[in-house]
2 protein chains.
Amino acid sequence: MVRKLTPKTLLERETQILDLAHDILLTEGPAFVTMERIAELVPFSKGTLYNHFKSREDVLMALFCRIQAGVHAIFSKGASYPGSSRDRYAAIIAASEVRSWSESDCCPQIIAPEVLEKASPEYHQRLTELHHKILGLLSSIATDAIEAGELPRDTPLEELIYGTWALAVGADELHRQKMIYPELTEETFAPIRRGMLHRMLDGYQWQPLSLERDYESIHQKVLSTVFAEEWAERKDQLKDEN
Amino acid sequence: MVRKLTPKTLLERETQILDLAHDILLTEGPAFVTMERIAELVPFSKGTLYNHFKSREDVLMALFCRIQAGVHAIFSKGASYPGSSRDRYAAIIAASEVRSWSESDCCPQIIAPEVLEKASPEYHQRLTELHHKILGLLSSIATDAIEAGELPRDTPLEELIYGTWALAVGADELHRQKMIYPELTEETFAPIRRGMLHRMLDGYQWQPLSLERDYESIHQKVLSTVFAEEWAERKDQLKDEN
DNA sequence: ACCTGAACACCGTTCAAGT
DNA sequence: ACCTGAACACCGTTCAAGT
């Protein structure tokens, strides 16, 4: 016999490993995503993990790719909101919030510099592609805006895209450091985060400006239409907490 | 004899430990800041490290506090730039760039959630105070701006302060992930980063807007006055690299 | 009173031996 | 052809024994 392990089994086990790693990440935190811990939960031995992933760093990268693929999916869903270019960008801001409900914000921790350095190039490749897809999605909306005359022709598009992305990343980072900023609770911070992002878009003169249009109510509309399901879940979740 | 170890010796050793940790952080990266590695470099044994710091996490927190104290110092220097409120804010943006020249951007890695959780409360306290000092500095400039009528009376100050802080943090985070965004080199990204921050200030209607005033030349002016020394060093450093 | 370094636990990674 | 688990290296932390 040449091969006992069908490709199917291989793939199944890989998803099993990542599912478990994801569970550990969400329930116990990034520090506990160890080969040891995964091996405890998986129905085969520690050594076999290394037939599927070359190193712990590769597991983390695979996990991060999966998470970022989820970000792209939910952003796309947001982008499908029917409305003006800026409404759609607002819907993506909503999407980024919806994502944080399900995924705890431990991503920057996963992707420490050593992880990036030690991971296999294939994963870099995949991650880079994913990020280009996400930034491309944002970019396409901004391009539509220029076409529609809702954004000036001479807008520095790159700056706008990386800027909003950086602001979202940075805001999540502050929120993650709750121990340092205890004043930034989930509840108070979410509207502040939206406010910052919209002010930035105002800075780029993306029409209609937030003075002329109430993007808070757009946010509510997006939640109750495109993300109705996720929002209902979230409300249950909040109810359980009280 | 009651005490061989004078307080002076105690403090000296603590700074020695932190100096070494800082060196390791800058030259070898956050992953190498280990008790083991520090013990190799210090003229006393590993066990004695624990007379000075309760845990590795406490060393990291002490180190981070020191780094953030440096941020506050350089921000203050920036804030001393003589000019309008927005010019001074621009000078702080310059300061945040100057800081990244000397300090590699590994701070978020140091302060992983586990680190925050395991560190002693004293360090939380210190770090929280430091961040309040930094945010307070930003806040005082914004308050001056309102007094001077350069920022609308109804500006959401908290949002503005946390917003610019988050944007700076997020932009540094993207830059740190060079492996994912190879297009964001130091050289191309620095002006983009400044651009984003100024657009955001434009969004808050901080006068004079960047359409009316060339903040790139203010940036140059700040570098060649307040940060003349640091800038000269930096130019040498860049020359050496080529 | 303070320091040392051996000892233990934990984790990543490898690989000889087993099936 | 694939899996296992013992073995090794590395690191954080403790503490009995030494000075």
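Just so we're on the same page: letters track the sequence lines, and every chain starts at 1. Remember, it's a predicted structure, so these values are computed and weren't measured experimentally.
- By the 30° and 60° cut-offs, the orientation of the rings of A/Phe189 relative to A/His175 is parallel.
- Nucleotide D/dA1 is matched to C/dT19 when pairs are restricted to Watson-Crick or G-U wobble geometry with both distances under 3.5 angstrom.
- With hydrogens and angles left out, the side-chain atoms of A/Ser55 and A/Tyr50 include no donor and acceptor closer than 3.5 Å.
- Spacing between atom CZ of B/Arg56 and atom P of C/dA9 amounts to 21 Å, rounded to whole angstrom units.
- Remark: C1' of C/dA9 and CZ of A/Arg37 are 16 Å apart, rounded to the nearest angstrom.
- If you measure from atom CD1 of A/Ile24 to atom C1' of C/dC11, you get 13 Å, rounded to the nearest angstrom.
- Below the 3.5 angstrom threshold, one finds a donor paired with an acceptor across the side chain of A/Lys46 and the base of C/dT13.
- OP1 or OP2 of D/dC3 sits under 4.0 Å from a side-chain N or O of A/Asn51.
- In this entry C/dA7 has D/dT13 as its Watson-Crick or G-U wobble partner, both defining distances falling under 3.5 Å.
- Picking from D/dC11, C/dG12, C/dC2 the nucleotide with the shortest atom distance to the side chain of A/Thr34 gives C/dG12.
- Closest to the B/Glu57 side chain, of the nucleotides D/dC11, D/dT13, D/dC3, is D/dT13.
- The CZ-C1' distance, from A/Phe53 to C/dG12, rounds to 16 Å in whole Å.
- Per the geometry, CD belonging to B/Glu36 stands 12 Å off P belonging to C/dA6, to the nearest Å.
- For B/Met35 and C/dG5, the CE to C1' distance is 15 Å, given to the nearest whole Å.
- Residue B/Lys118 is in sugar-phosphate contact alone, with no base atom involved, counting any heavy-atom pair closer than 4.0 Å across all strands shown.
- Contact annotation: B/Thr48 side-chain N/O to C/dT4 OP1/OP2 distance is under 4.0 Å.
- Checking C/dG12, C/dC3, D/dT13 against every side-chain atom of A/Tyr50, the shortest atom distance belongs to C/dG12.
- Between A/Ile38 atom CD1 and C/dC10 atom P the separation is 17 Å, expressed in whole Å.
- Mapping A/Glu40 and A/Lys54 onto DNA chain C by nearest heavy atom places A/Glu40 at the nucleotide closer to the 5' end.
- Put simply, B/Arg13 has a side-chain N or O that comes within less than 4.0 Å of OP1 or OP2 on C/dC3.
- Using modelled atom types and a 3.5 Å distance limit, the side chains of A/Glu12 and A/Gln16 yield no donor-acceptor pair.
- A donor atom on one side chain and an acceptor atom on the other are not found under 3.5 Å apart for B/Tyr181 and A/Thr128.
- Each of B/Glu57, B/Lys54, B/Met61 was scored for a side-chain contact (heavy atoms from CB on, under 4.5 Å) with B/Lys118, with one residue passing: B/Glu57.
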